[in-house]
Each structure stands twice: as C-alpha cells, then as structure tokens.
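One structure is given below, encoded as structure tokens.
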Amino acid sequence: MADERTPLLAVVQTRPHRDRYSHHTLRNVCTIGLSLLLLIGGIAAIVVLTLVPLDDDDTSSPLSTYLPWSAKSVPPSWPKTQGLDFEGLQAILLTTPDAEKAREWSQYYTSGPHLAGKNLSQAIWTKEKWQEFGIENSLIVNYDIYVNYPLGHRLALLGKTKDSDNIAAPDTEESEWEVKYEASLEEDVLEEDHTSGLKDRIPTFHGYSASGNVTAPYVYVNYGTYRDFEELLLANVSLSGKIALIKYGGVFRGLKVKRAQELGMVGAVIYTDPGDDGDVTEKNGHATYPAGPARNPSSVQRGSTQFLSFAPGDPTTPGYPSKPGAPRQPVDHAIPSIPSIPISYQDALPLLKALNGHGPKASEFNKYWKGGGLGYKGVEYNIGPSPDDLVLNLVNEQEYVTTPMWNVIGVINGTIPDEVVVLGNHRDAWIAGGAGDPNSGSAAFNELIRSFGIALEAGWKPFRTVVFASWDGEEYGLLGSTEWVEEYIPWLQATTVAYLNVDVGANGPNFRLSAAPLLEKVVVDTIGLVPSPNQTIPKQTVKDTWNGHISTMGSGSDFTAFQDFAGIPSIDMGFGFDSKSAVYHYHSNYDSFDWMEKFGDPGFQYHATIAEIWGLVAAKLIETPVLQLSAADYAAGLRRYVNQAKQKAEYAGNDRRTCNAIFEPLENAVYRFTKVSNLQDSLAAELSKQLEDDDIPWWKWWEKVRLWMAVRKVNTKYKLLERQFLYAEGLDGRPWFKHIVFAPGKWTGYAGATFPGIVEAIDDNDKNATYRWIGIATEIVEKAAEFLEDE
Ligand SMILES: *[C@@H]1O[C@H](CO)[C@@H](O)[C@H](O)[C@H]1NC(C)=O
Ligand SMILES: *[C@@H]1O[C@H](CO)[C@@H](O)[C@H](O)[C@H]1NC(C)=O
Ligand SMILES: *[C@@H]1O[C@H](CO)[C@@H](O)[C@H](O)[C@H]1NC(C)=O
Ligand SMILES: *[C@@H]1O[C@H](CO)[C@@H](O)[C@H](O)[C@H]1NC(C)=O
Ligand SMILES: *[C@@H]1O[C@H](CO)[C@@H](O)[C@H](O)[C@H]1NC(C)=O
Ligand SMILES: *[C@@H]1O[C@H](CO)[C@@H](O)[C@H](O)[C@H]1NC(C)=O
C-alpha cells in the first residue's frame, strides 16, 4: 500500500516558513538540521568559526550578515564537485541512457491500462526501480481525488421516418424516429497493435464530463473556440438547446465545452478531423495506420474537459491538497455540466454529411473557418443547425468517485539543503498504451535516474538537492502534481530553483521547448552539447537540428502548479512531430508501443537523447556553484510581452499616443528591471570567473569567505526572482493563477498568455481593468527590480 505520510517531506514541511521573500527565514531554513560539511582552506575555516557569533541575528555582527550558510556550518569546497567532478558527472549522464533499456521501460508501462488512480502496481514498480537504481529515498505520496470513470455512452443520428411524413398525423410518437446512424464509439482492434485489443482496454470518454442523455438538433461549430462561437452568434445561428459538433484542435477541449455550455447548448460531440494532420493523410495518398503513417479512421482522442485555465488540480480542493478528510468545494465552476463525448472521424462522417445543405457553409465565414479534411469523403462543412427532423441522441454515463492517486517521489539530498531542483513526468495515460504521452517521458526518466544512480555509485554527492517526481492523474487535470505543490508550497517556495518537466519525451524527431525566460539559456547551451540521433550531417547536435523556437509557459502539463501557482521557473521539453511526420494518435489506443516502434521512434534513440538533455540541464542547475539562470533573458521577455500588450491595445482601437501614456509606467519599471538584471548577471559571471580562477591564496581566508558570501547572495536572488512576480489575489475570475506574467490563455488553455491580467482586460474592452492591471504589473516589476537591487 502507498504510504499515508512521507517521512522526508514531512520533515521538510515542518520547517518554519513565515515570509517567502525573507532572507531571515531562509537562513532559519538552512540552519535547521545542518551538519558539518567539508572543511575550507584548512585553518581559515576554523578562524571563521571562532570569529563569527553562533546566532542567526541579522544585525548582531556585520560578518554574520554575509555568512553564506549558518555559522554552525562550513561551506563546501567550491568549485570542486565532491567525489566525482563535474566533467565526470556530465560524461555519465551523456553516455548512460540506453535506447534498448528505454525500449524495455516503454514496453512495461504501455502493456496494460494505467488510467489515473487505477494502477497502483505501476507506482510500486516505479518506486522499486528507482530504489534499485540507487535512489533509496523513494516513496509513494498519495492524495484522495475526485474523478470520473466511464460506465456507458451512446451517440445516434435519428431521423423522422418517411411514413410519418406521409400520413398527416401529428409528430408526437417516439416510434416515428428511426436510427439513421449508430456511432460505434470504439476504436478498431488491430492485429498489428497488441494493446488495441486488450480485454480491459479503456473506453472512449472525456475526463470530468457530465452524465446526461440529451436529444436535440446539432450545429457544426468549427473548433469551438471563443472566437468561433462569436462568429456563429454574429451570423444568428441558433445555438441554444442544440448539441455542438466540434472539431478537435486550437484550444483545450474543456474550454470548447465550457463556451458551448455558456451559450445554452445541451451537449458536445468532439471529433478529430484529418484536415489537421498535416501532409500525411489518406487524401494525400498515404496508407492509414497500421499499414501506413496516416491516421487510422477509427482513432478517438480521449481527454479531459476540466476548465483547465480556471484552475487545475482536484476540482473539489482548489488551492489546498486533497488529503483524506480535506474539506471539499462544489465543482460547478471547474467542470462542465453538459455531457460530452469524443468520436473518430469515421463516426463523425455521417453526422457531418447529414448537415450538407443546411445553414451557411464554413467557407462563408472568416479565415479561421476553412472547413476540414473530409471534403474528399463528401462533406461540405455546412454549419446547420440540423433540421428539426434530424437530431442526435447523446448519452454519457459517468461514475464519480473520490479515490487515491499515487505520485512517486525520489530524493537525493544535496549538500545545501535549501537549494532544490525538481524533475517530473507523469505516468498515467488515457489508454493501455501512452507510448508517446507520457511514457516516452517515463522511459527516459528511468534512464536519467539510472544515470544519476551510477554517478552516486561513482562517489557523486550533489551540491543541491534533487527531487524526482512520477505524477499520477495528470491527464484529468494535472492532479498529482498540483496537489503535491499545494501541499509542499512553503518548502518549495523557500528552496526550489527550477522545475524540469518532460511529458511526451519523444513522438517524432523535432526538439521542442517551452521555458521560463530564466531557464532559456541553460537549456539552449545544453542541447549544443548533446549529439542528435540524426547524424545526416556528422557531429550534428540537437541544437543544430532545432528550429530555435521557445514557447512561453502555458498549461497542459505538470509544470503549471510550479510556474503559475508557486512561482518556480519551469521548462517543458521533448521531441515532437511536424506536418511531415507519421500522424501521432494522441490519447488514442494507437499511441501504443507498436506504433512507437514502427513510426514514432523506431530505435528509441530519441528516448535516450531526451534523457541525456534532461540529465545535463539538471546537472548544470544542481552542480554549478553560481546558479545558471539568466535575469537578462527575463528582462528581454518582459520587454517583448509589454510590446505585445501595447500592440494589442492599439489594435483594440486606442490611438498610439494614449497607449504610450498608459504603458509608460510599466515600460519604465521594465527598463529599471533590465538594468538591474544586467548587473545581477554580470556579478554572477564575475563570481563564476573568480571561483574558476581559484587564485586566492589560502592565507587570505577572509577573501574566500567574502567570495562565498557573494555567491550565496547572488544565488538566493536568482532562486527567489520568479517568486517576485506572484500576485497574492491572483488573476481576475481565476484566483488560483498567481503569476502576473505567465498563465494559460483564459480561452486557449494550452497556449501561454503573457501579462494575462492586462491582455484579458484589453480583450474584454474593460478600461478600468486595463488600468488596474497595468498598475499591478508596474508595482510588481518595480518590486522585482528592488529585490535584485537590494543590498
Ligand atoms: C498496471 O500496469 C501493468 C503494466 O503495464 C499491467 O500489467 C497491469 O495489468 C495494470 N494493472 C491494472 C489494474 O490495470
Ligand atoms: C435517454 O432518454 C430517452 C428519452 O427520454 C430514453 O428513451 C432512453 O432510454 C434514454 N437512454 C438511456 C441510455 O438512458
Ligand atoms: C442577425 O439578426 C439581427 C437582429 O435580428 C439582424 O439585425 C442581423 O442583420 C442578422 N445578421 C445576419 C448575418 O443575418
Ligand atoms: C535528507 O534530508 C532530510 C532533511 O534534511 C532528512 O530529513 C533526511 O533524513 C535526509 N535523507 C537522507 C536519506 O539522508
Ligand atoms: C536530419 O537532419 C538534416 C540536416 O539538418 C535535415 O535536413 C533532416 O530533415 C533531418 N531528418 C530528420 C528525420 O529530422
Ligand atoms: C471605472 O472606474 C470609475 C472610477 O473609479 C468608476 O466610476 C466606474 O464605475 C468604473 N467603471 C466600471 C465599468 O467598472
């Protein structure tokens, strides 16, 4: 059974936490439990210890103010890594990950169903593997989370029978309706794909969808984005009381259902259109899976319909952990109240064709409405609504329960207890497979952890603490990670330097990266060191093959609670597909081991490579004495985001002069932040150089102490910088999101919005809110600049 309580984290959590920005608190945190570490420069250390008073009072001694650690301890011997030097560690992390082993882990994870909260044995297996790899301190941390599991469903196209039209009787009898099409709601069982035919395979359904049984005419609403629905309203298409037939794509599916619900629609059917599959389609002459790389027509995208951009995590415990006995909130604002189901394009075809000739055509709308990829099958992409004698019956039966979910947490204690790097990947999948999402990441994670285990065996003692997390319940709404962050937030905010997420590790050959600006540089530097599996050009590194694009942090994976709630700079990366790649069957039975082996990453080389990149980025953050963060990149980001917001205000019809005036205070604050960021980075570079040169003679011990103190101070500033951008009250209408620079777009979900408060106020054409949010942002950027300047 899973542990109720976690010994290590319980200890960590009880540490005093008063003010997350206070150095004093941090010093307390460091003090507790610190034992004697390594000796510095012989007698120098002893002299320091005898000179410095043994208390934490900030003002009692000028020297103690600058003491890097508690006076009861001695700094470790920088810059030399203990036991194993940095080059040795890097070499291990670069050469250990093995494609054959990654293949083996992938095969394990994808051999049976592992829906959130349904597969404890995978959690135990993962924990035991990590322990076997040498991470003894690995344990299972569980939460009691409110979720749904599928019971039943039906989707049928019903039409009035001819007979009832001919006789002039009133249309009242049930029996007058005949079934024109009964959707299969099943993915085909393929001989070539072993897990597609498992007896206990997972039905097609939506996470957090509402149960219901509705019969109504239906309307094709394109992608169901906020803007798409606005177009329909403008065109006077009747929506209320109808069922929405929606294309997947563009925005997070839960937000499609949310908007349909707000407009009075009674149900939602979401299908995958091959028009969004890039060049690799049946229409373009490619065979469909399993014979070829195009989409299998029966494939269905499962997925969550939680209102992700309003709050992730257990919808009954927003902002606090779902421990047993925790108070529970009503869920109406967090999940849909109308039923929804996902279907394949094969099942959508008869529904789409039945709309031919009814209502306007998608192509008559604006550029976002191009129709889709089923024209060659006879679909004209009319919007409808379907006539009153042509309706859908949509039945969705879900069982809601509160049930345990299991995170696996592994810890390697570092020498400095209050500087921590967290790495995470989720384990749960919508299906037995999940070879891409998420278990390509899980397989790579195991290879990375095995590599760290080998380094430990070679004598490595990490400088900073490393935490590994295998999350459960990501798919329904980032459940495991959000609850864990909510539980350990005091400790995480006091200690954590970065969170490094890999969800899909590899389902194609293209490196992709989302990153907080502070972490951009360390990742870009690292991928220049890692050989690409694509050696078309000899010695090609991953950086050489990369398109150079860095996305902002939106949502859709487990970094969300770290970045947007706790203010911890995060990244999310992996190797993905493009418009020329084999089609990835996202959240379908065909995201399977067999697909991966045949199309996604046949040699599992990209699995091994993402493990190398992940490990090296972590190692740089764990081992380099001066933290490898870039404040100047943050400043550059802020300048870009302010410009974007300003442009948006101009497009919204404000003249340039007014915009300049409104944005001036924020621009000034960003200018000040830019200046101090540059100073912070140059100080950091200078200190790194001094540590490297290591040319202070042993007898000038006070200079060494001063250098260590300066490094400690610079590091603390880097560590806490992202936290400065949190706003305690949160964003308007979604207070869980605390970060004023990064949030998922309110109506996109996956894609990141920058300065969301300002941008959303402009979108809403709300002048007051625009001013208020520029004011809030200005104050926070000023405060962040002051924080960096602070002596
Ligand atoms: C859990 O996963 C394992 C390995 O993938 C699989 O063999 C097992 O059947 C799954 N257990 C359940 C209860 O689905
Ligand atoms: C759905 O509702 C209809 C009409 O009320 C009813 O005939 C049908 O049996 C219901 N279906 C299910 C699965 O409950
Ligand atoms: C929609 O309805 C309104 C009010 O009845 C009318 O003024 C407008 O012209 C209609 N728009 C379209 C595109 O039919
Ligand atoms: C790691 O550090 C924590 C907190 O200082 C401590 O409680 C725990 O016992 C340590 N674990 C190991 C394995 O050393
Ligand atoms: C491999 O690299 C070459 C040269 O950069 C590039 O043209 C080619 O598209 C790459 N192939 C794949 C599968 O990524
Ligand atoms: C905007 O702010 C002004 C002044 O504070 C106030 O009088 C007005 O009611 C506000 N308008 C809205 C729409 O909130």
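Remember, it's 1-based here, ligands and their atoms both numbered in the order they're listed. The figures here come from the full heavy-atom set of this structure, side chains too, leaving out hydrogens, waters and symmetry mates.
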Ligand 1 and [X], any nitrogen or oxygen pair closer than 3.5 angstrom?
X      : answer
Asn119 : yes
Thr110 : no
Ser121 : no

Under 30°, 30 to 60°, or over 60°: which ring-plane class applies to Trp491 and Tyr488, parallel, tilted or perpendicular?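 Ring orientation of Trp491 relative to Tyr488: perpendicular.
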Determine the interplanar angle of the Phe468 and Phe445 rings, folded into 0 to 90°, and report it as parallel if under 30°, tilted if 30 to 60°, perpendicular if over 60°.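 Plane angle over 60°, so perpendicular.
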Could you tell me whether Lys101 and Glu447 make a salt bridge, using a distance below 4.0 angstrom between a side-chain N and a carboxylate O?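 No, no charged N to carboxylate O under 4.0 Å.
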Output yes when Asp578 and Arg512 qualify as a salt bridge under the 4.0 Å nitrogen-oxygen rule, no when they do not.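 Judged by the 4.0 Å cut-off on N to carboxylate O distance, Asp578 and Arg512 do not form a salt bridge.
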Checking Glu486 now: which residues fulfil salt bridge (charged side-chain N to carboxylate O under 4.0 Å, His left out) with it, not counting sequence neighbours?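 Here no residue qualifies.
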State the atoms of ligand 1, each with its element, that fall below the 4.0 Å cut-off from a heavy-atom position in Lys118.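 Going through ligand 1 atom by atom, the ones under 4.0 Å from Lys118 are 13 (C).
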Side chain, backbone, both or neither: which part of His114 has a heavy atom under 4.0 Å from ligand 1?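 It is neither part, as no heavy atom is under 4.0 Å.
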Ligand 1-proximal atoms of Tyr109, by part, heavy-atom distance under 4.0 Å: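 Backbone only; the side chain of Tyr109 stays clear of ligand 1.
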Would Gln122 count as a contact residue for ligand 1, given that I'm defining contact as a non-hydrogen atom of the residue lying under 4.0 Å from a ligand atom?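 The answer is yes, since Gln122 has a heavy atom less than 4.0 Å from ligand 1.
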Report every pair formed by an N or O atom of ligand 5 and a protein N or O atom separated by less than 3.5 Å, giving atom names and the distance to 0.1 Å.
from     : atom 1 : to     : atom 2 : distance (Å)
ligand 5 : 2 (O)  : Asn534 : OD1    : 3.3
ligand 5 : 2 (O)  : Asn534 : ND2    : 2.4
ligand 5 : 2 (O)  : Gln540 : NE2    : 3.4
ligand 5 : 5 (O)  : Gln540 : OE1    : 2.9
ligand 5 : 11 (N) : Asn534 : ND2    : 2.8
ligand 5 : 14 (O) : Asn534 : ND2    : 3.3

Asn148 side chain near Ser209 side chain, heavy-atom distance below 4.5 Å: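 Side chain of Asn148 against side chain of Ser209, heavy atoms only: contact under 4.5 Å found.
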Restricting to side-chain contact (heavy atoms from CB on, under 4.5 Å), what partner residues turn up for Gln131, sequence neighbours left out?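 Gln131 satisfies side-chain contact (heavy atoms from CB on, under 4.5 Å) with Lys127, Glu128, Ser138 only.
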For Asp193, which residues count as a side-chain contact (heavy atoms from CB on, under 4.5 Å) partner, sequence neighbours excluded?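 Result, side-chain contact (heavy atoms from CB on, under 4.5 Å) vs Asp193: Leu190, Thr195, Ser196, Tyr289, Tyr590, Ser592, Asp594.
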Would you please indicate if the ring centroids of Trp430 and Tyr476 are separated by under 6.0 Å?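 Yes, ring centres under 6.0 Å apart.
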